[in-house]
Amino acid sequence: MPELPEVEIVRRGLEPALQGKVFARVEQHRPDLRFPLPEDFTARLRGRKVERLQRRGKYLLAHLSGGEVLLMHLGMTGRFTVHGGRLPPTIKDNDGPVRATHDHVVFHMQGGGSVTYNDPRRFGFMMLIAEQGLDEHPLLHHLGIEPLGKALTPEYLAQHARGKKVSLKPFLADQRIVAGLGNIYACEALYRARLSPTRAAATIAGKTGKPNERAAALVPAVRSVLEDAIRAGGSSLRDYRHADGELGTFQHAFCVYDREGESCLRKGCGGTVRRIVQSGRSTFYCPKCQR
DNA sequence: ACTGTACCCTGTAGGC
DNA sequence: TGCCTACAGGGTACAG
């Protein structure tokens, strides 16, 4: 679920609860999420301090004292919730532990705050990896550039699109090219750039990989949609919430996503938003003004 | 090397 | 009400 803006909002929400704080106790309520949780997970976190909370693409990285990094991914339905003060310890009664369904991990920090990880579908995961050589870790090394940094240029996109037959939308959502764009923001960025999601990626570049006007249009489209979404606190569709439980509001600013059959919002266009399936996922676009 | 499909898992919405 | 299907913002493994 969460794409770059949502993960960034979560990061900002978790920062005051985790950064500079020490794990007092960690509850683990099942052995695995998408992957097995780390060996001796709770023991290895206890006593460690979170030096820094970083985002890379859709990943969260908590740099810990002692040279390890807690790598976290929210999958589709992962959610962190910060509890101020003390969370009552898990109570047992005749029916077993009393806690919310799908609360899988709880971080209790020294000083009283705690953070709960809830994930119904369990597509998310947590790993403990060495800080040294972090960028070469198998889960991170293939990641493309950060779209909000200086590296996102028409030249970069064109260079990677050169010769590619894949459609523009799956190209944009490919984490190896740009890290952090997912289904929603790829659709919305293409709408802003007035580009059809079905056009071949190669058509944003010349034969030599030189960017054309389409590549030039994509850069501000991608950047602005992500910035606007972060400003709005992300998009809340089904599961997504901020770490404090608040909802993002960017879903109200969608121009095409989940608007099948509704009219295009571009002034004077008069087209109708269409839904197609690409790479097994829904794509929404206006066939009239996106070419 | 690419490209598309199936799959992981649970919850929800809609048709009948 | 219940049953069934399709679908959901993630990524990966595999077949062709």
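Only heavy atoms go into these numbers, but all of them, side chains included; no hydrogens, no water, no symmetry mates. Here is how names work: the chains are called A, B, and so on, in the same order as the sequence lines, proteins then strands, and each is numbered from 1.
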Note, DNA chain B 5' to 3' with Watson-Crick or G-U pairs under 3.5 Å encoded as ( ), [ ], | and . gives .|||||||.|||||||
For A/Arg44, the salt bridge (charged side-chain N to carboxylate O under 4.0 Å, His left out) test, sequence neighbours excluded, returns A/Glu68
Those residues at least two apart in sequence (or on a different chain) that pass ring-ring contact (aromatic ring centres under 6.0 Å, His included) with A/Tyr285 are none
Sorted by chain and number, sequence neighbours left out, ring-ring contact (aromatic ring centres under 6.0 Å, His included) with A/His242 holds for A/Tyr240
Sorted by number, residues from residues 160-182 of chain A placing a heavy atom under 4.0 Å from DNA chain C are A/Gln175, A/Gly182
Check: OP1 or OP2 of C/dG9 less than 4.0 angstrom from a side-chain nitrogen or oxygen of A/Tyr257, does that happen here?
Finding: yes
Would you list the pairs meeting salt bridge (Lys or Arg N to Asp or Glu O under 4.0 Å) in which at least one residue belongs to [range], sequence neighbours left out?
range                       : answer
residues 246-257 of chain A : none
residues 265-291 of chain A : none
residues 177-186 of chain A : none

List, with names and distances, any nitrogen or oxygen atoms from the protein found under 3.5 Å away from nitrogen or oxygen atoms belonging to nucleotides 12-16 of chain C.
| residue | atom | partner | partner atom | Å |
| --- | --- | --- | --- | --- |
| C/dT12 | O4' | A/Arg34 | NH2 | 3.3 |

List the atom pairs, donor and acceptor, that lie under 3.5 Å between side-chain atoms in residues 167-179 of chain A and the rest of the protein, sequence neighbours left out.
| residue | atom | partner | partner atom | Å |
| --- | --- | --- | --- | --- |
| A/Lys169 | NZ | A/Asn183 | OD1 | 2.3 |
| A/Lys169 | NZ | A/Ser282 | O | 3.4 |
| A/Lys169 | NZ | A/Thr283 | OG1 | 3.0 |
| A/Asp174 | OD1 | A/Arg176 | N | 2.9 |
| A/Asp174 | OD1 | A/Arg176 | NE | 3.1 |
| A/Asp174 | OD2 | A/Arg176 | NE | 3.3 |
| A/Asp174 | OD2 | A/Arg176 | NH2 | 2.8 |
| A/Gln175 | OE1 | A/Gly180 | N | 2.9 |
| A/Gln175 | NE2 | A/Ala173 | O | 3.0 |
| A/Gln175 | NE2 | A/Leu181 | O | 2.8 |

Min and max contacting nt of DNA chain B in 5' to 3' order, chain A heavy atoms within under 4.0 angstrom, are B/dT3 to B/dG11
Within residues 197-209 of chain A, those residues having any heavy atom closer than 4.0 Å to DNA chain B are none
